[in-house]
Each structure stands twice: as C-alpha cells, then as structure tokens.
Amino acid sequence: MLFTRPTVRAHDPSALTEVVHRTGPAARPGPGTKEIGVETFAAREDAAEDRLVRGFTLLLVAMSAGYTGIAVGNILLMSTADRLPDFRVLRRCGATPRQLLGTVAGETVFVVAVGTLLGALAALPSLLGIRAGLSGTLGVPVELVIPWTPVRGAIADCLLLALAASVLPARRSLRKG
C-alpha cells in the first residue's frame, strides 16, 4: 500500500527521508525514487555551500582591494603634493609637461607592479601552507585554486586609482605653475 507524502508527514513527520544510502548491489528503484551516483549527489549537496564560499571570497577580495586602493590613492596624492617644487624645477630646466606626466605615470606603474609582486610573494607561503594542511588532514592531494579574475580586477583597479591619484594632481600643478 502506498501513501502520499503529505499523508505520511501528517502521521509521522520523521518517517520520510530525503536520502537513503545503499551499501549493497544496485536494485530496481521503487516508485517515487531515483538512484544517483556519489559524484552527482556530492555536487548537488555542495552547490549551495560553494556559492556561499565563492561569494565570501569575492567579498574579501573586494574589501581588501578597496582598502588597499584608498591607501594607495592617499599615499600617492600626498607624494605628488610633496613633489610639486621638484616639478617646478624640472619645468624651468626645460622638461615638457608631457615628459613630466609620463615620468609620473611610469613611476606609478612601477610602484603598483612592485606592490603586486610583493603582495603575491607574501601570500604564497600562507596559501601553500593551507594547501599542505588540508592535504594532510584529508589524506588526498588538494589543488591550489586562485580566482584570477577578481585578482586581476583588483590589480587593475589599484593601478587606475594610483594613476589617477598621481597623474591628475601633477597635471593640475603643472597647469598652475
């Protein structure tokens, strides 16, 4: 005799289970059941958690990039303001505004590249340590996965902010001087 799910739930809410794990050989699935493989089951169960972890990771990268961007912009803005007398001297010695702005932009790109390299070198031992710890705990090799798209986006955002925070004030000061 078969009862509908609402009828069984009304009688005993714990009587029905969503998943039954079998340990023996495959049998013909009963009515209203479906047999799926372990990989498919694991993928379905982990899909929601994977979305949350990905969202949390992106949020951390965005926050880190935001605070880093503010720091980079502030430092470069103050640095450019401190170099205004140097710009005036270079202008009086014959440097064109284009040459000065090109130099400032080149220095900025170099600083962001060095900062990116140092940041990656600082993060690498931690990432490798986490991977080794997980491999040891789980007993299986763990692949190191770096979300390159958000990382590249953060680097590009910092570069754009750094260029704006250094070139724009230098350009403005060259117009005044």
Could you pull out the closest heavy-atom pair between [X] and [Y], with the gap in Å?
| X | Y | value |
| --- | --- | --- |
| L121 | P125 | O-CD, 3.0 Å |
| D82 | P85 | O-CD, 3.6 Å |
| A164 | P169 | O-CD, 3.4 Å |
| R91 | T96 | NH1-CA, 3.8 Å |
| S135 | V142 | OG-N, 3.1 Å |

Shared ILVMFWY cluster between [X] and [Y], side chains joined below 4.5 angstrom?
| X | Y | result |
| --- | --- | --- |
| V167 | I70 | no |
| L128 | V140 | no |
| V111 | L100 | no |
| I155 | V61 | no |
| F110 | L118 | yes |

How long is the gap from [atom1] on [X] to [atom2] on [Y], to the nearest 0.5 Å?
| X | Y | atom1 | atom2 | answer |
| --- | --- | --- | --- | --- |
| L160 | T108 | CG | OG1 | 11.5 Å |
| L59 | L52 | CG | CG | 12.0 Å |
| L127 | I146 | CG | CD1 | 6.0 Å |
| N74 | S79 | CG | OG | 11.0 Å |
| T80 | E107 | OG1 | CD | 9.0 Å |
| L76 | R83 | CG | CZ | 9.5 Å |

Between S173 and A170, is there a donor-acceptor pair closer than 3.5 Å when you use the side chain of the first and the backbone of the second?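 Such a contact is found between S173 side chain and A170 backbone.
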
Kindly determine whether D157 and L161 satisfy side chain to side chain contact (heavy atoms under 4.5 Å, CB included), including the steps that lead there. CA-CA 6 Å; D157 288 346; L161 183 64; over 6 Å; no

For the residue pair L77 and S166, establish whether any side-chain heavy-atom pair is separated by less than 4.5 Å.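 Contact flag for L77/S166 side chains = no.
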
As a test of understanding, state which of V109, T116, V114 forms a side-chain contact (heavy atoms from CB on, under 4.5 Å) with V112.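 For V112, the side-chain contact (heavy atoms from CB on, under 4.5 Å) check succeeds only for T116.
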
Stepwise side chain to side chain contact (heavy atoms under 4.5 Å, CB included) test for R171 and L174: CA-CA 5 Å; R171 184 174 150 205; L174 290 173; 5.7 Å; no

